[in-house]
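Okay, structure first, notes after.
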Amino acid sequence: MKNILKKHGYIIFISSLFILSMIFNELNQSRLVSFIIMTLLTIFAGFHIFKKAFMDLKYKIIGIDLLVTIAVIAAYMIGDLFEAAAVTYLFTLGHYLEKMSLEKTRSSLKAMMDLKPLQARLITLDKEDMVSLDSLKVGDILLVKVGEKIPTDGIIIEGNVFIDEQMMTGESMPVEKDISDAIIGSTVVTSGYLKMRVTKVGEDTTLSRMIHMVEEAQDSKAKTQKFMEVFSKYYTPLIVIFSIFIFIMTKDIRLSITMLVIACPGALVIATPVSFVAGIGNAAKKGILFKGGDSIEKLSKGEIVFFDKTGTLTKGKPEVVEIKTFHISEEELIKIASIGEAYSEHPIAHAIIQEAMKNHVDIKDKPKNYQSIKGKGIKFSYQDKIYSLGNERILENPLMGEYQMAYHKFLNVGYTTLLLANENQVLGLIGIADTLRPKTELLMKDLKSLGIKKTVMLTGDQEIVAHQIANQLGIDNVNANLYPEDKAQIIKSYQDEYHTIFVGDGINDALALSYADASVAVGGIGKDLAMETADVVLMSEDIGKLKDAIKISRKVKINMIQNIIFALSVVFFLMIGVLLNQVTMSLGMLVHEGSVLIVIINAIRLLRFDIGGNHVKRLRTKQLHQESSHL
Amino acid sequence: MKKTVLQLETLTCPSCIRRIEGTLIKLEGIETAVVKFNASKVEVVYDEMKQSDESVLKVVKDLGYKVISRK
C-alpha cells in the first residue's frame with residue numbers, strides 16, 4: 001500500500017481533486033470552494049505542462065504543451081474554470097498512462113538486458129572464486145555448472161555440454177557443444193559442466209551487441225515515420241493559425257481554444273513508432289533481428305525470394321551421403337579411404353573421416369608412400385597393398401561395365417564421387433554432397449502459402465548439383481555457375497517487376513545482400529559482416545524462421561496502418577464535432593488522450609500474441625510454470 | 001570532443017525530441033545532440049572547453065526531464 005502511494009501518489013492526489021471538482025461542478029453551489037479546488041487542480045496538474053510550454057517559447061518551438069497552455073489560460077480567463085482544470089488533469093493523466101504503456105512496448109529490450117548474469121566462477125591456479133562480471137578479462141578461465149548461465153562469450157576448453165541458446169537464437173532444442181566450440185554469454189548449460197576461456201567481455205559480447213542493435217533498430221526512422229514527424233512539425237503551427245482564424249471569423253473563443261486542444265497530433269505521431277518498437281522487440285525474442293522500421297516495411301512487401309545455396313539452403317559442409325561397394329564391406333571401404341586421407345586438409349577428406357568416426361571405425365593407422373596427384377586424387381599404401389582414391393582419372397585403365405554405370409549414376413545425381421581401387425580392381429564409390437538444412441522443403445511450401453510469387457536459387461556451384469537440390473526443394477528457378485557479382489545482377493534484373501528478398505549466410509554474398517530490396521542473413525551469431533549488412537538477421541541456423549520474419553513484418557505493417565487510420569479518423573471526427581459545437585474542450589482532450597492510449601494498446605498486441613510461430617506461447621506457459629512452482 | 005549519453009525516464013511524446021535536440025544544439029560548444037525516442041536516451045557530443053557533462057545534464061533537467069543515469 002505504501003509503495004502504491006509512493007509510486008502513484010501524485011496521480012491519486014490530482015485524481016481526488018478532479019473528482020471533487022466534478023462534484024462541485026455538478027452541485028453548482030459554494031462558488032468559493034469550487035474556485036479553490038479547480039484552481040488547485042489546474043496548478044498541480046498543469047505545472048509540468050506550463051513549464052514545458054515556457055521552455056518551448058524560449059526556444060521557439062510550437063509543441064502540444066504550448067497549445068494546451070494557451071487553451072487553459074484562455075478558458076481560465078473566460079471563467080470556464082472546470083474546463084481548464086479538466087483539460088490539464090486529463091492531459092497529465094493521459095501522459096501518465098501513456099508512459100506506463102509505452103514502457104511495456106519497450107519491455108523486450110529490458111528483458112534482454114536482464115538476461116545478463118551477475119557473477120562468474122573464476123578459476124585461478126589453485127582455487128575458484130565468485131567474481132563480478134565487470135571484473136572479467138579476456139583470457140580468464142571460468143567454470144560453469146549445470147543450470148547456470150554462461151557469464152560471457154568464450155571457447156570451451158574442457159567438458160561436453162548441452163546448451164540452451166533459446167534466448168539468443170529462439171531455438172528451443174538444446175545444442176551440443178564440445179571442446180574448442182564457441183559459446184555465447186547468457187545462454188544456459190542444461191547438462192554437463194564446462195571450463196571456458198573468455199574471448200569477449202563487456203560491450204563486445206554477442207548479447208551486448210544484440211541489445212545495441214535492437215536499440216538502434218527501434219530508433220531508426222522508417223519512411224512513414226519520417227513523414228509523420230515532418231507532418232506534425234508543420235501541422236501544429238498550422239492548427240494555431242487555424243484557431244486564430246476561427247476566432248476572428250466567429251468571435252467564439254471557446255470554439256477556437258477547443259480546436260487547439262483536439263487537433264494535437266499525438267496519436268498520429270506515435271502510431272508508427274509504437275508498432276515498430278513492439279514488433280522489433282517481439283521478433284528479437286525469437287532470434288529475429290530487424291534493423292529498423294524500414295527493414296520491417298521492406299520485408300513485408302517482398303514478392304520474390306532469392307536464396308544463396310551453400311551455407312543457406314544447405315549446411316555448407318560436405319557429408320558422405322551414399323556408398324556403393326564391390327568385393328568389400330562398406331566399413332572396410334570407409335576405413336581404407338579414411339586412412340588414406342589422414343594427411344589431407346581437403347573438405348572432402350574431412351567428410352570421409354567424419355563418416356568413419358560416426359560409425360566408430362578404427363582409423364588409427366597411417367598410410368605409407370602417400371602421394372597427392374593434383375586434379376586426380378591420392379595414391380597410398382596400407383598393409384602392403386597399393387590403393388588409389390580419387391576421380392576416374394586416378395585409375396590406370398578406363399572405367400568399364402557396371403563400374404562405369406554406377407559411377408555415372410552417382411555423378412548424375414550431383415554427388416562429388418570418389419573411387420577407391422587397389423592394383424587390380426575398383427573396390428567402391430563414395431558419394432559426397434552438401435546436404436540440405438532441415439525444414440527447407442517446408443519453408444518453400446510456407447513461402448508459397450504466404451503469397452510469395454517466386455523462389456529462385458543463386459549459386460556458384462555447377463548446374464547439375466544446383467538442379468538436383470532445386471528439384472528436391474521445389475524451387476521455381478535456378479541460376480548456377482555464378483560469381484558473386486552475377487548474383488547481384490540477377491537480383492537487379494527482377495527489381496523492376498518485383499520487390500526482392502535475398503537470403504544468404506553472409507559468406508561471399510555481401511554484394512547480393514546489399515542489392516536486394518530486403519536482405520536476410522541466416523545464422524547471424526558470430527558473423528559480424530552479415531549482421532552489419534543485412535536488413536534482417538536470423539540469429540540461428542534455422543532458415544525456417546524466414547517464414548516467421550515475413551509474418552511478423554506483415555503483422556507489424558498492418559498494425560501500423562490500423563493505428564494511422566484510427567488516429568486520422570479520430571482527429572477528423574473530433575474536428576467535425578467541434579465545428580458543429582458538439583464537443584467541449586475537456587471532452588476533446590479525453591477523446592484525444594484516449595486515442596493515444598488505444599494506439600499504444602493496439603501496438604502492445606504485437607508483443608502479447610504469438611505473431612510469428614508458436615514460440616512465444618510456449619515460452620510464456622513455461623514461465624507461468626516456473627512461477628507457479630516457485631509459489 | 002567528448003560524448004556523453006544520458007538515460008532519461010520514458011519519453012512519451014515525440015515533441016520531446018525537438019525540444020531537447022533543439023535546445024541543446026543552440027548552446028555553444030555542442031557538436032551534435034541526438035534524442036533516441038524509443039530508447040529514451042540523449043547522445044551529446046560537445047567541446048570540453050565550452051561545456052561539461054554537468055552543464056549538459058543541467059540543461060536537460062531544466063527542460064523538465066528526469067535523468068536516470070549517465071554514461
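By convention in this document, chain letters (A, B, ...) are assigned in the order of the sequence lines, proteins followed by strands, and residues within each chain are numbered from 1.
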| field | Residues, nucleotides or ligands: over 12 heavy atoms within 6.0 Å of A/F54 CZ | value | no
| query | Rounded to the nearest 0.5 Å, how far apart are NZ of A/K52 and OH of B/Y65? | reply | 4.5 Å
| request: Let me know which of A/E98, A/M100, A/E103 forms a side-chain contact (heavy atoms from CB on, under 4.5 Å) with B/T10. | output: A/E103
| Can you check whether B/L11 reaches A/K99 side chain to side chain, under 4.5 Å on heavy atoms? | no
| remark: Correct closest heavy-atom pair for B/D62 and A/K51 would be O-CE, 3.4 Å
| More than 12 heavy atoms of other residues, nucleotides or ligands under 6.0 Å from NE2 of A/H8: is that the case? | yes
| said: For the NZ atom on B/K2, are there more than 12 heavy atoms of other groups (residues, nucleotides or ligands in this structure) within a distance under 6.0 Å? | reply: yes
| task | Measure the CZ-CG distance between B/F37 and A/L102 for me, rounded to the nearest 0.5 Å. | result | 6.0 Å
| query | If you draw a 6.0 Å radius around CE in B/M1, do more than 12 non-hydrogen atoms from other residues or ligands fall strictly inside? | reply | yes
| Between B/K26 and chain A, which part of the residue has a heavy atom less than 4.5 Å away: side chain, backbone, both or neither? | side chain
| query | With only heavy atoms counted, which part of A/H48 is less than 4.5 Å from chain B, the side chain, the backbone, both or neither? | reply | neither
